[in-house]
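Structure record follows, encoded as structure tokens.
This chain uses plain numbering: 1 for the first residue, then up along the sequence.
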Amino acid sequence: MSDIQIELANINKHYGTYHALKDVSLRIEKGSFVALVGPSGCGKSTLLRSLAGLESITGGTIRIAGEVINNVPPRKRDVAMVFQSYALYPHMTVAENLTYSLRIKGVKKDVARKAAEEIAATTGLTGLLDRYPRELSGGQRQRVAMGRAIIRHPKAFLFDEPLSNLDAALRVQMRKEIRSLHDRLGATSVYVTHDQIEAMTMADHVVVMREGVIEQQGAPLELYDTPANKFVAGFIGSPAMNFVPGTIAANGHEVVLDLPGAPVMELGRQVEANRQVTVGLRPEHLSVVPLDEASLRLPVAVVESTGSMTYVTTATTPELTVVETGRTAAKTGDNVGVRIEPGNVHLFDRQSEKAI
Ligand SMILES: Nc1ncnc2c1ncn2[C@@H]1O[C@H](COP(=O)(O)OP(=O)(O)OP(=O)(O)O)[C@@H](O)[C@H]1O
Ligand SMILES: [Mg+2]
């Protein structure tokens, strides 16, 4: 059995009458990197802050390293939080910021300095120890914030959207740095983000939340390949999955799409006949093909190219997005053939939105 470092059992949190966390249960293995992801307001920060002890929960049990810590004050929980706003002390140098937690414990100056140098080497801050936060770039400040957490050797690192202040290129670099730091330290990390790409690329285990509830959790590609419901299907993957209403044919192994021409698709499995469904098609599983090879013939509304990829959006209701690698000849106003890659069709119950 693997070691469970953090265990949340049936956590509930009310802010007055607002029910922000609804019976949330989650087990986090020692050494794992877990991402909490979901739209704004779904309760990610509330969950993280409850773990850190910055919010009091209204029900449930939190264990860290086996010990119930519901009533343990934040300072004694032995977790370190890293926020979006780095919350560095502006009047202290990098070295002083890094070693603040040591110095308040009375650690000697030269010992603290040596610790600061070691952390600087780990986090890429060597040579910057005597600067003030205002003399650093955003990425460097974020490294100081991480260094300050690392120096405490916490039982877990809790990150709340630590990269959202950085530009896109630096975010990509920092997410690799954070992940490799996590691996080198053998840390246990819980990482909140609303960015599913960040969650998918950094984490071993992704937890998708909506309105205070965990909708699904699992390995990144598990969520991508087998989303439990329409919400997770639409949230994981970029651009988002296309959803088209459909009806299972009388033979039970085909679905009729509610699109111009009522195209029929083979499912390769048996489903209850005449069932009303929502069909999920990932943009990357659709391609623009010559009309005579196509499963669908659809008018084009928009063509957007980034150079490496082209996004074709159809002028249909609902609209479909097709992702092509490279370029395409399709233009606005054209009728194009669209092929659906067999075996990559997701079905959801029209009412419950659960995967079929
Ligand atoms: N102190 C508070 N009092 C009342 N309601 C609150 C309080 N803090 C948060 N909430 C509500 O609880 C819900 C969850 O908030 P939370 O900050 O956890 O969301 P989040 O998932 O972190 O969102 P974001 O991605 O925007 O940071 C929100 O609807 C929010 O309005
Ligand atoms: Mg938040």
Review point. Does a side chain donor of either S32 or H205 reach within less than 3.5 Å of an acceptor in the other side chain?
Key: no
**Study point:** Any pair counted as ring pair (Phe, Tyr, Trp, His ring centres under 6.0 Å), so long as it reaches residues 94-128, sequence neighbours left out
**Key:** Y89-Y100
Review point. Among V213, I214, N229, L223, whose side chain to side chain contact (heavy atoms under 4.5 Å, CB included) with V208 holds?
Key: L223
Point to revise | D349 and K354 ion-paired at < 4.0 Å | key: no
Exercise for review: If a pair satisfies ring pair (Phe, Tyr, Trp, His ring centres under 6.0 Å) and one of its residues is in residues 245-295, list it, with sequence neighbours excluded.
Suggested key: none
Point to revise | Residues that F231 engages under ring-ring contact (aromatic ring centres under 6.0 Å, His included), provided they are two or more places apart | key: F235
Review point. Salt bridge or not for R179 and D183, using N-O below 4.0 Å?
Key: yes
Study note, to complete from the structure: Residues at least two apart in sequence or cross-chain that pass side-chain hydrogen bond (donor to acceptor under 3.5 Å, both in side chains) with R103, listed by chain then number, are T99
Review point. Taking side chain as C-beta onward, heavy atoms only, is F348 less than 4.5 Å from R350?
Key: no
Exercise for review: Just jot down the salt bridge (charged side-chain N to carboxylate O under 4.0 Å, His left out) partners of E222, sequence neighbours excluded, or say none.
Suggested key: none
Check your understanding: After noting the C-alpha distance and the side-chain angles of N335 and L298, does the key distance pass the side-chain contact (heavy atoms from CB on, under 4.5 Å) rule?
Key -> CA-CA 5 Å; N335 270 310; L298 302 169; 5.8 Å; no
Point to revise | Modelled atom types, side-chain donor and acceptor of T193 and E198, under 3.5 Å | key: yes
Practice item. Could you tell me which residues satisfy salt bridge (charged side-chain N to carboxylate O under 4.0 Å, His left out) with D225, sequence neighbours excluded, listed by chain and number? Key: none
Review point. With a 4.0 Å cut-off, would you call R63 and E67 a salt bridge?
Key: no
Practice item. Please list, chain by chain and in numerical order, all residues satisfying salt bridge (charged side-chain N to carboxylate O under 4.0 Å, His left out) with R148, sequence neighbours excluded. Key: none
Study note, to complete from the structure: residues 312-336 vs ring pair (Phe, Tyr, Trp, His ring centres under 6.0 Å), sequence neighbours excluded, gives none
Practice item. Apply the side chain to side chain contact (heavy atoms under 4.5 Å, CB included) test between L257 and each candidate in L296, V277, L320, V264; give the one that qualifies. Key: L296
Exercise for review: Please determine if D130 and R113 form a salt bridge, counting it only when a charged side-chain N lies under 4.0 Å from a carboxylate O.
Suggested key: yes
Check your understanding: Considering residues, nucleotides and ligands other than E211, do more than 12 of their heavy atoms fall under 6.0 Å from its CD?
Key -> no
Review point. Can you list the residues that meet the salt bridge (charged side-chain N to carboxylate O under 4.0 Å, His left out) rule with D167, with sequence neighbours excluded?
Key: none
Study note, to complete from the structure: Sorted by chain and residue number, the side-chain hydrogen bond (donor to acceptor under 3.5 Å, both in side chains) partners of R77 (sequence neighbours excluded) come out as none
Check your understanding: Among all residues two or more places apart in sequence or in another chain, which pass the ring-ring contact (aromatic ring centres under 6.0 Å, His included) test with Y191?
Key -> F33, F159
**Study point:** For V289, all residues meeting side chain to side chain contact (heavy atoms under 4.5 Å, CB included), sequence neighbours excluded
**Key:** S287, E293, A294, R339
